[in-house]
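All remarks here apply to the structure that follows.
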There are 2 protein chains.
Amino acid sequence: MASELPPHDPRKNQRAEPRPGTAAWWLAQENEPARRRRRRSLTLDAVLDTAMALLDTRGVAALTMRNIAEGLGCTQASLYRHVRNREELVTLLVDRALSVASSVPPGDTDWAEKAAWSARLFREHLLRHPGVASLLRGTERLGPNSLAGVQYSLELFIGAGFSPRLAYAAASSLATFIIGSVNFNLGLDSSDPEESRHRRLLYRSRDAAALPLIVQHADALAEVSSDDEFEVGLKALLTGFRALIQNPDITHD
Amino acid sequence: MASELPPHDPRKNQRAEPRPGTAAWWLAQENEPARRRRRRSLTLDAVLDTAMALLDTRGVAALTMRNIAEGLGCTQASLYRHVRNREELVTLLVDRALSVASSVPPGDTDWAEKAAWSARLFREHLLRHPGVASLLRGTERLGPNSLAGVQYSLELFIGAGFSPRLAYAAASSLATFIIGSVNFNLGLDSSDPEESRHRRLLYRSRDAAALPLIVQHADALAEVSSDDEFEVGLKALLTGFRALIQNPDITHD
DNA sequence: ACCTGAACACCGTTCAAGT
DNA sequence: ACCTGAACACCGTTCAAGT
C-alpha cells in the first residue's frame with residue numbers, strides 16, 4: 001500500500017496543507033489510510049477514545065496532547081504519528097461525537113414532528129457533552145457522521161416537498177440553530193436558581209431610561225430558560241419551513 | 001469612592017470569583033469602577049482598543065496578553081491591573097464589539113422587515129469581524145451592548161404582539177441563529193469557488209448506498225452558499241414568529 | 001501607587017537519537 | 001519502522017522588587 005503516489009496525494013507537492021475539516025481535507029483523508037492503519041499498539045481509535053473521555057470528564061481546557069498521551073501511556077510525540085496536529089484531532093473527535101445526528105425517531109409521524117424529535121435528541125446529546133458543543137465549528141459538517149445527519153434531514157425535508165437546495169438550506173439552518181443554542185447557553189445554567197436570581201437583579205438594576213422594557217419585565221425575562229428559548233425557536237423554524245413549502249416564492253422578497 | 005464595602009462587594013468574602021460574563025460578574029463590575037478609572041497612562045479602553053485591533057488584523061490566535069502588551073508598549077503584567085484575566089478581557093472586548101446590535105433600520109416598515117434588516121446588519125458586522133464571532137459565547141449576552149440589542153428586539157416583538165417572555169425567547173432565538181450561522185461557516189468561505197468545487201467532489205464520491213441523496217444532488221448541494229442558508233433560516237424564523245403571534249397556543253403541543 | 005523583570009507551570013510541535 | 005527524550009518557542013499568570 002502507498003506504493004504509487006497519485007498527483008493529488010497530500011504527501012507530494014504539498015504547497016499548502018488543507019486545513020482540517022475543509023472539503024479538501026476530508027477528501028485527502030481517504031487517500032492515506034495507511035498512515036492510520038497500524039497493527040501495532042497505538043491506534044487512531046485509541047487516541048480518539050481517550051481524548052473523548054478526557055473531554056467529557058475534565059472539559060475542553062484539559063484536552064491537551066500531554067494529557068491524552070498520559071492517558072494512553074505514551075509520549076506526546078507519538079500522537080503525531082496518528083494525527084497531523086491538534087486541530088486535526090479535534091476535527092476527527094467532533095465528527096465521531098456526532099453519530100447521534102442520524103438516529104431515526106420512533107413511530108409514524110409528521111415530518112415536522114420527526115424533525116423536532118431529532119432536533120431535541122441532538123440538543124440533549126450536546127448538553128450531555130458540552131465539551132463537544134464548544135469545539136463544534138462549521139468545518140466539521142463534512143465528516144461522515146455529519147453527512148449521515150444531512151442525508152437523514154434531506155430525506156425528511158425533500159419528502160415534505162422541499163427542493164434539494166431548500167432542503168439542504170433548511171437542514172443546515174436547523175443544525176446551526178441547535179448547535180448555536182447549546183453554545184450560546186454554555187456558561188449559563190438555566191436550571192440554576194442562583195443564576196436566574198442574578199439575572200433578575202441585573203435586569204432590575206439597569207438604567208430604566210435606556211432599557212425600559214428590560215427593567216419593566218425583569219422578572220419575566222429572568223425566568224425564561226434556555227429550554228424555553230430553544231422550544232420557541234424550534235417551533236418557529238419548523239412552522240416557517242412548512243410555510244416555505246406551501247409558498248416557496250417567499251424566499252425571494 | 002469605594003469607602004464602605006457592601007456585603008456583596010467581590011473584594012470581600014470572595015469565596016468564589018464569579019466567572020466573567022455571568023450575571024453575577026456583570027453585577028459586580030459596577031461595584032468596582034475605581035479599579036478601572038485611572039487617570040494615569042494606561043486605561044482599560046486603551047487595552048481593549050489594541051486588543052480589538054489585534055483581533056481584527058491578526059486573528060484570534062494572535063490575541064495574547066504578550067501581543068496586547070507589546071502593542072501598548074507595556075509589560076504583560078501591567079494588563080492585569082485593568083483586567084482580572086484573559087477571559088475577562090475577552091468578555092469585555094466582545095460586548096464592546098456588539099454595539100451595532102441596536103442600530104435602528106431606516107424607513108417605516110413592517111416589524112418583520114425591521115427584524116430582517118437588523119439581523120442582516122448584525123450578521124454582516126460579524127462577518128467583517130470573524131474574530132469576534134469566534135469568541136462569542138452565550139455569557140456575553142448580558143453586557144451593556146447586548147442588552148441594548150435585547151431592548152430593541154423587545155420593542156419590536158412586543159410591538160408586534162408578543163408577550164414579554166415570548167418576545168425575549170424569540171429575540172434570543174434570532175440572535176442564536178445569526179451568531180451560530182456565522183460561526184458555523186467560519187472556516188468555509190462560500191465565495192471561494194475552490195471550496196465549492198471540493199465540496200462537490202466530496203459529495204459525489206460518498207457511498208451512494210449509505211448517502212444516496214447527497215450523491216444524487218451533489219452538484220445542487222455544493223452550490224448552496226452560507227448566504228442562502230442564512231436567508232432561508234431567517235425567513236423561516238420570522239414567518240414562524242408571525243404564526244406564533246396569530247396563534248400562541250402552538251407553543252404547547 | 002504604579003509598573004517592571006523575572007520567574008513559574010503550562011502549551012503545541014519538532015527531531016535527532018535510540019531500539 | 002516505530003517510539004522516545006529533550007528541546008524549542010510559545011502561552012497565562014504571579015509576585016517580589018523597583019521607582
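In the text below, chain A, chain B and the rest are named by the order of the sequence lines, each starting its count at 1.
With a cut-off of 3.5 Å on both pairing distances, the Watson-Crick or G-U wobble partner of C/dG12 is D/dC8. Base pairing annotation: D/dA1 forms a Watson-Crick or G-U wobble pair with C/dT19, both donor-acceptor distances under 3.5 Å.
With the nearest nucleotide of DNA chain C identified for both B/Arg66 and B/Cys74, B/Cys74 has the one nearer the 5' end.
Atom CD of B/Glu88 is separated from atom C1' of D/dG12 by 14 Å (rounded to the nearest Å). Here D/dG12 presents its C1' atom at 16 Å from CZ of B/Arg84, a figure rounded to the nearest Å. Per the geometry, CD belonging to A/Glu70 stands 14 Å off P belonging to D/dG5, to the nearest Å. Note: CD (A/Gln76) to P (C/dC11) measures 9 Å, nearest angstrom. The separation between A/Arg86 atom CZ and D/dC11 atom C1' is 13 Å, rounded to whole Å. The distance between atom CG of B/Asn67 and atom C1' of D/dC11, rounded to the nearest whole Å, is 11 Å. Following rounding to the nearest Å, A/Met65 (CE) and D/dA6 (P) show an atom-to-atom distance of 20 Å. The distance from atom CG of B/Leu89 to atom P of D/dC11 is 15 Å, rounded to the nearest whole Å.
If you check D/dG12, C/dG5, C/dT13 against the side chain of B/Ala77, the one that comes closest is C/dG5. When distances are taken from the side chain of B/Arg81 to each of D/dC11, D/dG12, C/dC2, the shortest belongs to C/dC2. Each of D/dG12, C/dG5, D/dG5 was ranked by its minimum atom distance to the side chain of B/Thr75; first place goes to C/dG5.
Of all non-hydrogen atoms in B/Ala61 and B/Thr64, the two that sit nearest each other are O-CG2, 3.8 Å. Residues B/Ala97 and B/His125 share a closest heavy-atom pair of O-NE2, 2.8 Å.
With hydrogens and angles disregarded, no donor-acceptor distance shorter than 3.5 Å links the side chain of A/Arg84 to the backbone of A/Tyr80.
Remark: B/Ser78 is in phosphate contact with C/dT4, judged by side-chain N or O atoms under 4.0 Å from OP1 or OP2.
The pair A/Asp45-A/Arg96 counts as a salt bridge, with a side-chain nitrogen and a carboxylate oxygen less than 4.0 angstrom apart.
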Would B/Arg123 and B/Glu229 count as a salt bridge (charged side-chain N to carboxylate O under 4.0 Å, His left out) here? Give the steps. CA-CA 13 Å; B/Arg123 175 167 179 263; B/Glu229 276 178 39; over 6 Å; no
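Note on A/Thr64: only backbone sugar-phosphate atoms sit closer than 4.0 angstrom, heavy atoms only; bases stay farther off.
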